[in-house]
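See structure below.
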Amino acid sequence: GAVVSQHPSWVICKSGTSVKIECRSLDFQATTMFWYRQFPKQSLMLMATSNEGSKATYEQGVEKDKFLINHASLTLSTLTVTSAHPEDSSFYICSATDPITSGSDNEQFFGPGTRLTVL
Amino acid sequence: RKEVEQDPGPFNVPEGATVAFNCTYSNSASQSFFWYRQDCRKEPKLLMSVYSSGNEDGRFTAQLNRASQYISLLIRDSKLSDSATYLCVVNKGGGLTFGKGTHLIIQP
């Protein structure tokens, strides 16, 4: 149980285009999903917290107009990188909590990640 | 000061040896603590939660010292498959804060 998928697993795009990444909880309902970004040899950095039916909460330094997050259902959150530039090339990973199985530690289940390369 | 600090390594350890990692965190309001494992170009996977009472899962033992804001991980009888990056992670209530990771290489 508690499986999270992401699509696509990798994408290459031209500078200036927009890229949408999907994060799905396959066997549970996730009221909260999180989006992280990891640059090479760096730690995962939380970008935003996505709550179903409400606006996402962005971390300091993350542009909400550039990284659009939509959490329209209990099993799907999307991250759209608008007008992507080479410096946006990174590994984007989502995670979700399952209120039923996460326990008191509030364990997060991670998707397999999306590797974005902007040319 | 970084929120979660770890020695990046790499730690080169012979197979069968015992290896220990440490990590410190800066936010005393942190609520829960974890060790994750990340293989190259993959997502992180939960290794174990960490408690003040200490917890053990097979060859892995984790310990939390809240007073010192210090977390440890001990791996006994290391296997080649233990080679990975080990991430120290804290949760303040919401998204996770990751350390940069400690790179472990188990050598035959």
Side-chain angles (χ1 to χ4, degrees), chain A residues 1-7 9-10 21 23 30-51 56-62 69 77 79 89-98 101-117, chain B residues 1-10 21 23-27 29-55 57 62 64 66 71 84-105:
Chain A
V3 178
V4 176
S5 71
Q6 272 184 252
H7 178 81
S9 55
W10 59 269
I21 302 169
C23 177
T31 52
T32 303
M33 290 183 171
F34 303 90
W35 286 96
Y36 297 84
R37 178 169 56 181
Q38 185 177 32
F39 293 108
K41 299 187 188 299
Q42 300 297 314
S43 57
L44 277 82
M45 296 294 293
L46 178 66
M47 297 176 68
T49 301
S50 168
N51 296 298
T57 304
Y58 290 81
E59 295 298 301
Q60 192 173 14
V62 179
I69 292 173
S77 176
L79 168 68
S89 299
S90 187
F91 189 45
Y92 292 86
I93 311 175
C94 70
S95 72
T97 55
D98 178 355
T101 65
S102 289
S104 58
D105 292 336
N106 211 26
E107 180 181 354
Q108 294 185 17
F109 302 96
F110 283 84
T114 298
R115 197 161 297 279
L116 170 65
T117 302
Chain B
R1 182 184 174 189
K2 292 179 185 172
E3 287 199 63
V4 179
E5 294 212 53
Q6 296 180 249
D7 181 345
F21 303 139
C23 146
T24 57
Y25 61 96
S26 61
N27 192 328
S30 300
Q31 298 174 2
S32 47
F33 308 86
F34 310 91
W35 283 102
Y36 275 75
R37 169 193 170 130
Q38 187 175 26
D39 293 288
C40 189
R41 302 175 79 83
K42 299 282 190 181
E43 77 277 20
K45 292 187 185 298
L46 179 65
L47 183 64
M48 58 200 305
S49 300
V50 191
Y51 306 109
S52 298
S53 55
N55 51 308
D57 183 1
L64 165 66
R66 279 191 182 269
I71 304 165
T85 297
Y86 289 82
L87 308 173
C88 179
V89 183
V90 305
N91 188 341
K92 297 175 290 187
L96 300 177
T97 302
F98 286 80
K100 210 171 173 179
T102 297
H103 191 39
L104 174 65
I105 302 169

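Chain naming here is simple, since letters A, B, ... match the order of the sequence lines and numbering starts at 1 in each.
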- Task: Kindly indicate whether the side chain of B:Leu96, heavy atoms from C-beta on, has any atom under 4.5 Å from the side chain of A:Ser95.
- Result: no
- Item | Euclidean distance, A:Leu44 CG relative to B:Thr97 OG1, rounded to 0.5 Å | 11.0 Å
- Task: Find the one option among B:Lys42, B:Lys45, B:Gln38 whose heavy-atom pairs under 4.5 Å with chain A are most numerous.
- Result: B:Gln38
- Task: Rounded to the nearest 0.5 Å, what's the gap from CZ on B:Phe34 to CD on A:Gln108? Could you check?
- Result: 7.5 Å
- Message: If you compare all heavy atoms of B:Glu43 against all heavy atoms of A:Gly111, which two are closest, and at what distance to 0.1 Å?
- Response: CB-O, 3.0 Å
- Item | Straight-line distance of A:Phe91 CZ to B:Arg41 CZ, nearest 0.5 Å | 8.5 Å
- Query: So does B:Met48 have more than 12 non-hydrogen atoms from other groups sitting under 6.0 Å from CE?
  - Reply: yes
- Task: State, to 0.1 Å, how close A:Ser43 and B:Gly99 come at their nearest heavy-atom pair, and which atoms those are.
- Result: CB-O, 3.2 Å
- Item | Residues from residues 31-40 of chain A approaching chain B under 4.5 Å (heavy atoms) | A:Phe34, A:Tyr36, A:Gln38
- Task: Taking all heavy atoms of B:Pro44 and all of A:Ile93, pick out the closest pair and write down the distance.
- Result: CD-CD1, 3.9 Å
